[in-house]
Amino acid sequence: MYAPSTGDLFGDAPADTRHTRLVEGAWLLRGYALDKASTLLAAIEHIAVAAPFRHLITPGGFRMSVAMTNCGTVGWVSDSSGYRYQPGDPLSGRPWPPMPSIFLELAQSAAQAGGFPGFTPDACLINRYQPGARLTLHQDKDEGDFGAPIVSVSLGLPATFLFGGNSRNGRQQRIPLQHGDVVTWGGPARLYYHGVLPLKDGHHAVLGAQRLNLTFRRAR
Ligand code: MD6
Ligand code: FE
């Protein structure tokens with residue numbers, strides 16, 4: 001684990017030199033989840049037994065290339081009637097699996113390191129990318145509380161994260177995200193456009209030809 005940050009005031013530099021400010025409100029915490037990766041992966045496997053990864057259909061009728069599942073009291077879903085958070089898994093009709101305590105602890109401590117103490121996520125969207133899978137530019141705007149940040153954890157194959165601003169057409173930073181990296185995201189950056197370039201083929205020592213991403217949110 002990292003030494004605790006001293007710079008918790010909004011916009012200040014956290015203490016660790018591997019912490020990089022992307023824009024005001026967004027931090028890249030390189031390797032922050034590395035020491036927990038194997039525990040996180042075991043928990044994801046367990047969740048995916050109860051709530052399998054599936055390719056959701058967008059409201060426009062397209063099958064998403066990223067496969068998704070959730071844990072927490074609500075989960076993010078998409079279908080012909082729109083995007084939303086809901087308490088039950090539409091595949092099974094059962095509640096989503098509960099959020100494991102190590103997920104919660106990681107999300108809270110990363111949020112604090114990024115300048116957002118007191119973050120209590122109620123939803124964790126789990127994304128699975130296989131080679132070629134991508135996420136087109138979007139805003140995360142289905143949550144009820146934009147005062148809360150988002151915490152994003154990358155596992156497995158590296159990916160290029162696109163990070164723009166308030167407009168879909170603006171310039172984007174390209175941020176390489178690796179196994180164990182965490183991005184925290186809120187405040188003035190909370191509604192910035194972002195996406196993930198098509199995943200390049202490759203082999204990760206732990207995950208093989210895939211990338212997993214956890215995004216923790218306060219949905220309600
Ligand atoms: C991903 N992440 O990295 C997709 N959204 O697989 C996101 O869409 C995202 O990483 C909001 C904040 C951080 C993120
Ligand atoms: Fe997003």
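Note that the coordinates shown come from a computational prediction; the quantities given were computed from them, not determined experimentally. For the single chain, residues carry numbers from 1 onward in sequence order. When reading the values below, keep in mind they use all heavy atoms of this one structure, side chains included, and skip hydrogens, waters and symmetry mates. Whatever order the structure lists them in is the order used to number ligands and atoms, beginning at 1.
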Please state which protein non-hydrogen atom is closest to atom 5 (N) of ligand 1 and give its distance, to 0.1 Å? His194 NE2, 2.7 Å
Residues His179 and Asp181: side-chain donor-acceptor under 3.5 angstrom: no
When the ring centroid of Phe119 is compared with that of Trp185, is the distance short of 6.0 Å? no
By number and element, which atoms of ligand 1 are closer than 4.0 Å to a non-hydrogen atom of Trp185? 12 (C), 13 (C)
Numbered atoms and elements of ligand 1 in range of Val196, under 4.0 angstrom, heavy atoms: 1 (C), 3 (O), 4 (C), 6 (O)
Look at the aromatic rings of Phe163 and Tyr192 and report parallel, tilted or perpendicular, splitting at 30° and 60°. tilted
For Leu135, take its heavy atoms, then give the atoms of ligand 1 lying under 4.0 Å from any of them. 4 (C), 8 (O)
Considering only non-hydrogen protein atoms, determine which one is nearest to atom 2 (N) of ligand 1 and report residue, atom name and distance to 0.1 Å. Asn213 OD1, 3.7 Å
Considering only protein heavy atoms, which is closest to atom 11 (C) of ligand 1, and at what distance to one decimal place? Asp140 OD2, 2.9 Å
Asn127 heavy atom under 4.0 Å from ligand 1: yes
For residues Ile126 and Leu104: do they belong to one hydrophobic cluster (side chain heavy atoms under 4.5 Å, members Ile, Leu, Val, Met, Phe, Trp, Tyr)? yes
Report the member of Ala26, Ala133, Ser152 with the shortest heavy-atom distance to atom 13 (C) of ligand 1. Ser152
Looking from the Fe ion (ligand 2), what is the angle between NE2 on His138 and OD1 on Asp140, to the nearest 10°? 80°
Do the side chains of Asp142 and Arg84 get close enough for a salt bridge, i.e. N-O under 4.0 angstrom? no
Is any side-chain heavy atom of Arg54 closer than 4.5 Å to one of Arg63? no
For atom 3 (O) of ligand 1, grab the closest protein heavy atom and report residue, atom and distance to one decimal in Å. Arg211 NH2, 3.0 Å
With atom 12 (C) of ligand 1 as the reference point, say which of Ile150, Leu137, Val66 has the nearest heavy atom. Ile150
Winner among Tyr192, Phe161, Tyr129, Tyr193 once heavy atoms are compared against atom 1 (C) of ligand 1: Tyr129
Between Ser152 and Asn213, is any side-chain donor less than 3.5 angstrom from a side-chain acceptor? yes
Taking only non-hydrogen atoms of His138 and a 4.0 Å limit, the atoms of ligand 1 in range are 8 (O)
Tell me, please, whether Tyr193 has Arg168 positioned over its six-membered ring: NZ or CZ under 6.0 Å from the ring centre and within 45 degrees of its axis? no
Does Arg211 make a cation-pi contact with Tyr129 (under 6.0 Å, within 45 degrees of the axis)? yes
